[in-house]
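Some notes on the structure that comes next.
Note that the coordinates shown come from a computational prediction; the quantities given were computed from them, not determined experimentally. Note on naming: letters A, B, ... go to the chains in the order of the sequence lines (proteins, then strands), and numbering restarts at 1 for each one. Excluded from the calculations below are hydrogen atoms, water molecules and symmetry mates; all remaining heavy atoms, backbone and side chain alike, are included.
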Amino acid sequence: MPALLDLQRAFTAALRDAAQDADTWAHGDEISAAARLRVYRNNARGVFERALEATFPVVRSRVGQDYFAQLAHFYREAHPSRVGDLHEVGRHFAAFLRLHLAEGPYEWLADLAALEWAVAEAGVAADSDVSTAAALAGLPAEAVAGTRFRFVPSLRCLSAGMPVLAVWRANQPGADRAAVDLGTGAQFVLVHRAADDVQLRDAQADEFSFVVAMANGATLQAALETSALPIERLPALLHALFADGTVAQIIPPGALRH
Amino acid sequence: MTAAMSGRARADRLPAAAGIGLRTPHYEALLAERPDVAFLEVHTENYFHDGGREPRLLDRLREDYPLSLHGVGMALGSADPIDPAHRRRVAAAVRRYEPAAVSEHACWGRVDGEHFNDLLPLPFTVEAVRHLAARVRELQDVLGRQVLIENVSQYLRFRHSTLTEGEFLAALVAESGCGLLLDVNNLYVNSVNVGFDPRATIGALPADSIGEIHLAGHLRKEVDGHALLIDDHGSPVAEPVWALYARVLEKFGPVPTLIEWDTNVPALDVLLAEAATADAMLRVTHARAA
């Protein structure tokens, strides 16, 4: 009698490889052991594929069912599920596509998958209070340059080599699905959740760089220098960040972050 | 009177009436209509995250309906160690949502670090039941409460099984102190797929062990010219399953009963109609018991 571990290894070997002999440990009768095992093989593949589809509906929509199934198959071979929570299976999909599709006509799908993963993460990130522009305006003028922000936990900053947000928007339910010119260059996207809705903002490169620097703990002054954002555009960007509910906490110089 | 109307939403036990599986397409209708249903069940893994819309909606619904947390990813019977992070997240969900019932499956799903995210069948052996019982005891210790363990669907039979499914489940109850979540559809599906008398399984289960029942639809497939039933939860409960359910109620009395529907999810009314059928059968059982 095989020990439990040996049996589970034999079972999974047969799930991976249909040529593996299951007759030594599984009964076959009118229906062969191989045919019975096929149900489990199809289930495992289908569950993985559907979980991936649920997280990456736009990628799925752009490439069609058959090609998506192929991608899911190769992705599963490279990155099999390690955890019991199916929401996690897409964690490495964008990185996988970046390698798997490198320099091919679908190379840009990696950016699209990264955006969809950011949307999925933002949708379930922890809730947070938000700060207001009035709180910043209330600081002494000399404190503003040294101020830091803590952003809401759902904030994700994504830079893409193609107009990823335009593609994403064109493929949402009810959108006109107009063709997007993929040759229009890079796009920088800020993703976050306000109440229940995930919001996506198309940022300029310097705005994006400013937010990334602030998210990494830079002071407002340091972020301005890093990003080379012209100071005259700062008020409008700050207004947008506060209006969107992106800033969770304003941390004046010397204050402890919490 | 529903649990919602009687204000027993935070009950320690599920009411012995019919509930439904809570699925995303039904959130709005449930919130707006607050239909007469005895309890709601959700997949625990869908509530591993604290933020966003779904936890907030579930918080609202659980004010009015007792809740059952049903885990699908712990794979307790795996020879691999239990993923401690997964177990911590289950424990966090139990603390947050205060469910009236917590359940997992008598299955495995992970080996050598790879998770198949499926409810794979265990051989019915003494080794397997002891292994599973130890894992269930650990989980119950972590959660500080009894857990219900569900029988899973089977498409094959292991050559070296030495116990019947009924004996396996009875031994699990005896060795772990768990309750059972008896999936009557799985029992029927298995009886057809691997060939046994489901009434014998019902007869083998301890009288007070059933904490919840699941009812669902299945799909009939032809494989090698013979019928194989697939537990797809994508259609109404089949007649033979209702008949087996009547038999279960006859032995165990009224038991909280869930209508599960996971694929081709229909309108809420359809789900409620299935629950009403189960409720009618439960009422007859209540009347007999009285």
Side-chain angles (χ1 to χ4, degrees), chain A residues 1-13 15-16 22-48 50-51 80-89 121-128 152-154 193 195-198, chain B residues 44-46 48-57 71-75 77-80 82-83 85-86 89-90 108-123 125 127-128 131 153-162 193-195 221 223-228 230 263:
Chain A
M1 178 194 300
L4 192 60
L5 176 59
D6 296 331
L7 180 70
Q8 292 180 358
R9 282 179 171 154
F11 195 114
T12 49
L15 286 186
R16 291 190 195 97
D23 286 319
T24 54
W25 49 268
H27 274 291
D29 40 34
E30 302 91 351
I31 302 174
S32 65
R36 291 172 179 276
L37 203 63
R38 202 156 54 231
V39 177
Y40 291 104
R41 189 177 303 115
N42 290 342
N43 274 355
R45 189 181 61 221
V47 161
F48 189 91
R50 284 192 296 277
S81 174
R82 300 287 179 198
V83 295
D85 178 7
L86 274 168
H87 301 92
E88 289 290 317
V89 299
E121 284 198 315
V124 297
D127 294 328
S128 172
V152 292
S154 60
R193 192 184 73 243
D196 289 341
D197 298 322
V198 175
Chain B
T44 313
E45 286 77 5
N46 288 342
F48 272 4
H49 295 279
D50 274 341
R53 173 176 176 266
E54 299 217 349
R56 196 161 26 248
L57 294 181
V72 294
M74 200 176 287
S78 304
D80 263 20
I82 292 300
D83 176 358
H86 192 105
R89 297 175 95 178
V90 170
W108 67 281
R110 193 173 118 129
V111 68
D112 296 327
E114 180 172 356
H115 207 306
F116 286 81
N117 300 105
D118 195 5
L119 308 171
L120 299 176
L122 286 163
T125 62
E127 180 203 15
H131 176 75
S153 49
Q154 296 166 43
Y155 306 108
L156 58 74
R157 195 156 51 92
F158 293 104
R159 285 190 178 278
H160 60 287
S161 286
T162 53
N193 287 347
V194 301
K221 279 185 73 172
V223 178
D224 295 349
H226 295 273
L228 198 66
I230 308 296
T263 58

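Both the backbone and the side chain of Ser32(A) come within contact range of chain B, judged by heavy atoms closer than 4.5 Å. Contacts of Val83(A) with chain B are made by both backbone and side-chain atoms, with heavy-atom separations under 4.5 Å. In this structure, the portions of Ala26(A) lying under 4.5 Å from any heavy atom of chain B include both its backbone and its side chain. In this structure, the portion of Ile230(B) lying under 4.5 Å from any heavy atom of chain A is its side chain and not its backbone. At a 4.5 Å heavy-atom cutoff, the contact between Val39(A) and chain B is made by side-chain atoms alone. Only the side chain of Asp118(B) has a heavy atom closer than 4.5 Å to any heavy atom of chain A. The parts of Arg82(A) that come within reach of chain B are both its backbone and its side chain, each placing non-hydrogen atoms under 4.5 angstrom from that chain. With a 4.5 Å cut-off on non-hydrogen atoms, Asp83(B) touches chain A through its side chain but not through its backbone. For Ser153(B), the part lying near chain A is the backbone, with the side chain staying farther off; criterion is any non-hydrogen pair under 4.5 Å. For Arg16(A), the part sitting under 4.5 Å from any heavy atom of chain B is the side chain, from C-beta outward, and nothing else.
Remark: the backbone N or O of Asn193(B) is paired with a side-chain donor or acceptor of Arg36(A) at under 3.5 angstrom. Between the Gln8(A) side chain and the Ala79(B) main chain, a donor and an acceptor come within less than 3.5 Å of each other.
In terms of heavy-atom proximity, Leu120(B) sits nearest to Leu15(A) at CD1-CD1, 4.5 Å. Of all non-hydrogen atoms in Gly77(B) and Leu4(A), the two that sit nearest each other are O-CD2, 3.8 Å. Minimum heavy-atom separation, Tyr40(A) to Tyr155(B): OH-N, 2.9 Å. In this structure, Arg9(A) and Val111(B) approach most closely via the heavy-atom pair CG-CG2, 3.8 Å. Of all non-hydrogen atoms in Ile31(A) and Ala227(B), the two that sit nearest each other are CD1-O, 3.8 Å.
Remark: Arg50(A) engages no residue in a side chain to side chain donor-acceptor pair (under 3.5 Å) (not counting sequence neighbours).
Considering CG of Leu5(A) and NE2 of His131(B), their distance stands at 9.0 Å, rounded to 0.5 Å.
Ranked by heavy-atom pairs under 4.5 Å with chain A, the first of Glu54(B), Met74(B), Gln154(B), Arg56(B) is Arg56(B). Among the candidates Arg110(B), Glu114(B), His86(B), the residue making the largest number of heavy-atom pairs closer than 4.5 Å to chain A is Glu114(B). Note on Thr12(A), Asn43(A), Val89(A), Leu37(A): by heavy-atom pairs under 4.5 Å with chain B, the leading option is Thr12(A).
Residues His226(B) and Asp29(A) fail the side-chain proximity criterion, which asks for heavy atoms closer than 4.5 Å. Between Glu45(B) and Leu86(A) there is no side-chain heavy-atom pair separated by less than 4.5 Å. Between Asp127(A) and Asp50(B), the closest side-chain pair of non-hydrogen atoms is not below 4.5 Å.
Checked against Leu7(A) for a side-chain contact (heavy atoms from CB on, under 4.5 Å), the options Arg159(B), His160(B), Glu127(B) give a single hit: His160(B).
A tilted orientation is assigned to the rings of Phe11(A) and Phe158(B), their planes being inclined by 30° to 60°.
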Run the side-chain contact (heavy atoms from CB on, under 4.5 Å) check on His87(A) and Asn46(B) step by step: do they pass?
-> CA-CA 8 Å; His87(A) 301 92; Asn46(B) 288 342; 2.9 Å; yes
